[in-house]
Every structure is written in structure tokens, then in C-alpha cells.
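See structure below.
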Amino acid sequence: MGDRQHDNTKLITDSHHDLLATVVGRELASELMVYSYKHGFSGFAAKLTESQTQQLSELPGVVRIIPNSLHKLETTRSWDFLGLSPHSPSNILPKSNMGDGVIIGIWPESDSFNEKGLGPVPSHWNGVCESGDNFNATIHCNKKIIGARWFINGLLAEYAKPLDKEFHSPRDAHGHGTHTSSTAAGSFVANISYKGLGLGTIRGGAPKARLAIYKVCWNVLGGKCSTADILKAFDEAIHDGVDVLSLSIGHPIPLFSDVDERDGIATGSFHAVAKGITVVCGAGNNGPSAQTVSNTAPWIITVAASTMDREFPTSITLGNNKTFLGQAMFTGTEIGFTSLVYPESKGLTTRGVCESLSLNKTIVVGKVVLCFTTMGRRAITNASAVVKEAGGVGLIIAKNPSDALYPCNEDFPCIEVDYEIGTRILFYIRSTRYPLVKLIPPQTIVGKPLSAKVAYFSSRGPNSITPATLKPDIAAPGVNILAATSPLYSFVEGGYAMMSGTSMSTPHVTGIVALIKRMHPNWSPAAIKSALVTTAWRNGPSGLPIFAEGSPQKLANSFDFGGGLVNPNGAAEPGLVYDMGAADYMEYLCARAYNNSAISRLTGKKTTCPVKKPSILDVNLPSVTIPSLRNPVTVKRTVTNVGAPESIYKATIEPPFGTIVYVNPTALVFNSTVEKLTFTITISAIHEMNTGYYFGSLTWVDGVHAVRIPLSVRTEFLQPHDDDDDED
């Protein structure tokens, strides 16, 4: 995207039209023009044939032409779990006035978007509400929903079929947008639950923040979003005056580079951050495999998903009076002792696998069925439908342990257990002629002894584009999150539903960013990101270690949750921040060895990298990641004091296994005239051998604050590839 040559948006649009008309003619240019980008950056989207594309690319003034691409879509307890109870005067919720004055597809009639207690619309707001299908801007926008736009032309250029079960308006048909919006900034609504589960007062993280909705994802092929539409939404949001942008959207691996406009999110967010707008994105739902994290640009806050201290245990009592606990979301009546069956395999036929159940109706009617699966939600959905059709009354699914739950259709009793419990139930079935089971509907349990875990589905690092840039940055609750949704959503109850995904963890961080922005309006997006990363919990609010779900479950590390689990109150007063601005992002882009023209296209300004390539390890991130350590490496960082002017911080080092870490100086002394200080970290390997990543930390402590950055180091004396970006 090019730089805007002037501030007259009409002239910019006219220049785009004239350029296109040179190839297709003036009359056809209006028809083929999809969007003109004119606020945050300059460029346009148009429908062109291959030959027209070639002609346009040869014109002076055309920097680059790229194809459109598609992206995909990636609560009552969670805010109390994070320490943001509205009843506590000491947390940042009251200190920030609940985000009042900060601006972040909805179902507008939801009580979560009521305007009670809100003052006038912030004076810096320049946006609008646009009417459309079943959406009247005059009726549906208020002091809470102050902006609502929709962008579909980019998708329609790729997908010519009619969109069923959709609204050509900001109204949400999928449920995803309403859920994420209400999680970030929904108003207080009392006595909300999902069929009695998770009962409480629902609210967003910043209940008094205002919402501006930019609908770019549509209910087709599971939820798709066009790059052209995403870029247009960024362009308008920059103009409208938003303070925080939340995107629960991602692109699966392989990823586009930071300077490839086909990403859309990296490009649009760069321009937003340049204008002081913080951009928060989901890490993706392709975990627990390594190197699956998306939205990896360093100017983005990338959010992993965790569980919280809430579960829905369900009692399974066998005929031998042994009771096991599973998890479920069915809310019917208790199923008294009834027959229990496992479809045993015969010959070459496998019958007990959930995704390929083969049932004899005569032996299933009125019974509970046990099955095993290595797959996810679809296997459970298919199995429950087969059991129900055969006349069964319940299903027990043995699967890899995971806390993300989904109700089965029509509230059919589906209970999930791990393989160990599933095997013990199977052994009981095989040990008796008439196995019996009793199923009790789930209860809601919160607090101790439950602890947070990184969710099984949450995408993991290391970063597949730039291993020396730590991703994800932070984790937040994203499992079984109760929030408002569209009444068209499959599992809605009274306008609310539980959903899981990094799409749900992202708005948690967005809400927290809105609170911090209200308290510190002059902080840059990088300062806010640093505050989140350096104050995050590694051990969770309970003090217990945070595990990461997977095969097997393990203690979480920086590639699972970045700095850790988000700590809202700590992030509001971090003490020190690792700040970054335009020059730092230029240093990053040059260190990545992107060519000058590619960087210039991204930034919209002519850029020339220095002859000597900067070290990517010196980019002022709130983390240090060394993918290939052989010889001793020295990196530099600069911190800015945002706490008491007269402060002394001392270094505490937790070296990654097999390394020696030195910090110089070991103490940082700030006063009224010294706000920024630079230090170096030298890391060397003890053993000359290839290893995996080991993890440690550097923490600056002043007696009040503990400012921690993760250290992630891999020693490689025999490299599997030739890449001088990160080696030393």
C-alpha cells in the first residue's frame, strides 16, 4: 500500500479511478472498482482479468498488484478469574472508569449492548452507522454501539454464489462477532447462564467502552473473510477514530510474510499501530502442534487461549458403585441406572470408534453407549447423532483430555472422559453380564482446586516466519466462554452461548487494553503490549503452575503462552516498559532482509535499509528468543520508566538450561531526568551440542514491580538450514 500524497480523500479516490480507467475505460472503471483505500494508506481493490492486471502493473505509479485472499474465523466467570471483580475498589476496573471513552457483526438487540449509564459519544469519534438488511442505524445504534459498517465486495468478487442465512448489513448471522464484541466491552447483564450452567452477571472487560463494528466475515464455508474487505475495514477504522482494534481472524500455515499484502491483517495493523491504535489478534486454533501460531507481526498483540478456574463436572456411577467424573454441557434430567454398552469389534470391523460407530438398534435402544476417539468435535457430533437415531439415551466419549466443551444436538447427554477413565469403564463393561450406569447432569464448579491450562487447540510457537520474534505474546481465557450471540447460532440459550477458541481469548485482552488505554492515554501500542507481557502470570492467579494441554500435558512455556496468563491489574502499573516506535519496526523489517521496495510498500514511505543489516535480536521486544546459539550472543534492550521517577531496579536472572546469562549493568537507576536506560544481555552455551529450546527469564525488580521478559534459547552447532538471520 502506498503513502497518501495529500489529505484530500476525494482526490485520492479520483486518482485511483483514473488509474483504473486507463486500462478498462472510465465507465467500466466504476463498475470494476471494489474499494478505494484513502485514509490510513493509498491503494484500491478492483475486479480484473489477467490481461487487465498485466496492463495495470505496467503503468507508472503502480507499485504492486496482489490477488485477493481469504481468511477464516478463529462471560460470567472469566473476568473475576482475572482479578477484575466490579466489587473490588483496588483493581483497574474502577480506576479506568470501566474503559469509558475508549472505542473498540453484532446482534444489536442483545442486552449486552445496552447504553445504561453511558455518557455522550466520545468527541474524537468520526465514524457512522450504516443501515442494511434487518439493521436500522437509527434504531440499533446507541451510546454503546456508536459505529457499524459492513464490507462484502471483496468476498463477492471471489464467491459469486448467494449467501444463505446472512444479512447484508452489520447484523450478525454467525454469532461469532456478537460473542467477541460482548466479551470485550459488553454491558452488565444479571442472571445469565447456559441452561443453568455458569450462572452469574455477564459483562465485558471494559463495560463502559464503546463499540464500533466492522463486519468483514460472512457465514459461508464456515466463516470467511476477504483480504480486500479487511483492508477496507482497517482503512475506515483508522479514519473513524477507534482506540483499539480486535480481530478474531487468522490465516493457517504457511503464512504470508510481514510485507505481503495478501495477509491483510499485518498490512492493515501496521498502519493502525502507526496511528497509535493497538491491534489485538488471535494466535489461531491449530494447536497443540508447534510452529502453528498465526498473526505473528511484532506490532500485533497475539493472544493464546487458556482455561480458567471453572468446570462442569458430571458424575458417572457404574453398577459396581464406582463413580467417575467427566465433563458435559447437557442439562436434562438424571438418567437413572440403565444398561451400558460398548460396540465390540468383530473380525475386521471396528465398531467402538466414535467417528465410525456401527450400532445394532436392538442392543442400543434405551442404553448408554461408550466409544473412543482420537478426533475432535465432529466425531462427537456424529457419534451422538448415531446413538440417538438408534434409540440410545446417552453417550460417553473417551478422548484426549481437553477442557473445551460443546453441547450435542438437542441437548443429548454427551459426557467426555479421558482415555484412562474410558478404559476403566470399558473393563467394567467386559467384567459383568449386565453393566449399568447412572448419569447425573453437570454442575458448575469454580475456584480451588481448579487451575488454568493453555487450551489444547491454542496454536503454539515458535514463530514459523521469524523464530527470533516470540509468539504468542500473551494468553487469556478462551475455553467455554459465556457471552451474547446471535439467536441463529446452533447452541444459543436466551441470546447467550458458550464458545471456545482464540477468538474468545482475543477480546479478553482487547477489553484489558481498553482499560489500560483509559488510564494511560499516551502509551503507545508497544508500551501496552510490553505491560501485558512483562506482568503476566506464569503460575496463574492461584499460584499453581500453568500447564499446557497436549499429548502429553506438560508445564507451559513461552511458546505456549508468551509472557504468561494476562494479569490486568499488574499490566496497569508495570513499572518499566519496552517501548517501540516507527524506527524500531523499520529496524525489524530491515533485519528480516526484506528489500527496500517491499518495506516501502508496507510503510507507505520510501525506505532505505542500512548497508549493514541490523541484528533482529536487538529489536526492542519484551522478550529474547535465540533460535541458533553457537558463539556467545550479546543483545541490547531499552526500558522506559513509567513508575515512580526515583527508582532502582536490580536484575534477577533465571538462565535457560545449559546457558550462562550475564546482564550489564545489573542495576538500573532512574530519576527525574533519566527515564530511559539501555542494557545488554550476553548469553553463551555451556555444551557444544544441538538441543531443543530451553526457557528462562530476566526480571527487573524494584521492591514493588517485577518486570519479567522470557528468554528462549536453542543451541545449534550443526544447523539444519543456512539462515544467517538469527545466527551468531
Side-chain angles (χ1 to χ4, degrees), residues 194-197 311-346 349-403 405-445 490-491 493 498:
Y194 179 77
K195 298 184 177 181
L197 296 175
E311 288 187 355
F312 306 109
T314 304
S315 292
I316 303 169
T317 301
L318 305 180
N320 59 6
N321 287 324
K322 289 187 176 180
T323 298
F324 301 98
L325 288 180
Q327 287 206 80
M329 290 181 66
F330 80 93
T331 56
T333 58
E334 174 184 315
I335 297 176
F337 279 108
T338 190
S339 295
L340 175 62
V341 62
Y342 172 73
E344 296 279 4
S345 299
K346 293 185 178 180
T349 303
T350 302
R351 293 182 175 178
V353 178
C354 297
E355 53 267 30
S356 57
L357 275 182
S358 177
L359 299 177
N360 184 331
K361 291 187 177 182
T362 59
I363 65 168
V364 173
V365 171
K367 298 179 181 179
V368 173
V369 175
L370 169 70
C371 69
F372 287 71
T373 184
T374 58
M375 299 177 68
R377 179 182 181 183
R378 183 167 297 180
I380 297 170
T381 302
N382 292 344
S384 66
V386 170
V387 172
K388 188 174 187 297
E389 184 180 357
V393 297
L395 175 68
I396 300 172
I397 309 104
K399 58 187 286 290
N400 190 71
S402 172
D403 285 306
L405 295 174
Y406 302 93
C408 288
N409 289 329
E410 300 178 20
D411 205 29
F412 189 73
C414 296
I415 302 175
E416 298 180 20
V417 298
D418 63 22
Y419 293 131
E420 179 188 350
I421 291 176
T423 301
R424 294 177 70 176
I425 294 172
L426 176 59
F427 284 0
Y428 161 72
I429 293 172
R430 289 172 172 171
S431 71
T432 182
R433 189 170 182 180
Y434 300 108
L436 300 173
V437 68
K438 178 170 69 174
L439 306 180
I440 298 176
Q443 298 178 313
T444 302
I445 303 296
S490 302
F491 300 111
E493 172 70 16
M498 287 192 187

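Position 1 is the first residue of the sequence; numbering continues from there. Hydrogens, waters and symmetry mates are skipped; everything else that's a heavy atom, side chains included, is used.
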* Is a side-chain N or O of Ser384 found less than 3.5 angstrom from the main chain of Thr381, in a donor-acceptor match? -> yes
* Does some side-chain heavy atom of Ile335 sit less than 4.5 Å from a side-chain heavy atom of Pro413? -> yes
* To do: Check for a donor-acceptor pair, side chain of Gln327 on one end and backbone N or O of Phe312 on the other, with a separation under 3.5 Å.
  => yes
* Heavy atoms, side chains only, cut-off 4.5 Å: are Leu197 and Pro442 in contact? -> yes
* To do: Identify the heavy atoms of Cys354 and Ala383 that sit nearest to each other, and give their distance.
  => O-CB, 3.4 Å
* Backbone N/O of Thr373 and side chain of Tyr419: donor-acceptor pair under 3.5 Å -> yes
* With distance as the sole test, does Thr314 use its side chain to make a donor-acceptor pair with the main-chain N or O of Gln443 at under 3.5 Å? -> no
* Look at atom NZ of Lys367 and say whether more than 12 heavy atoms of other residues, nucleotides or ligands are closer to it than 6.0 Å. => yes
* Between Thr444 and Gly196, which heavy-atom pair has the shortest distance, and what is it? -> OG1-O, 4.3 Å
* Modelled atom types, side-chain donor and acceptor of Thr323 and Thr317, under 3.5 Å -> yes
* Given Val369, Ile396, Leu436, the one that forms side chain to side chain contact (heavy atoms under 4.5 Å, CB included) with Leu340 -> Ile396
* Asked: What heavy-atom pair brings Phe412 and Phe330 nearest, and what distance separates the two atoms?
  -> O-CB, 3.9 Å
* To do: Please name the pair of heavy atoms, one in Gly326 and one in Val417, separated by the smallest distance, quoted to 0.1 Å.
  => CA-CG1, 3.9 Å
* Does Phe324 reach the side chain of Ile425, with side-chain heavy atoms less than 4.5 Å apart? -> yes
* Are Asp418 and Asn400 close enough that some pair of their side-chain heavy atoms sits under 4.5 Å apart? -> no
* Asked: Going by atom types alone, do Thr331 and Asp411 pair a side-chain donor with an acceptor below 3.5 Å?
  -> yes
* Asked: Taking C-beta and beyond as the side chain, do Ser315 and Leu325 meet within less than 4.5 Å on heavy atoms?
  -> yes
* Phe491 and Met329, any side-chain heavy atoms less than 4.5 Å apart -> no
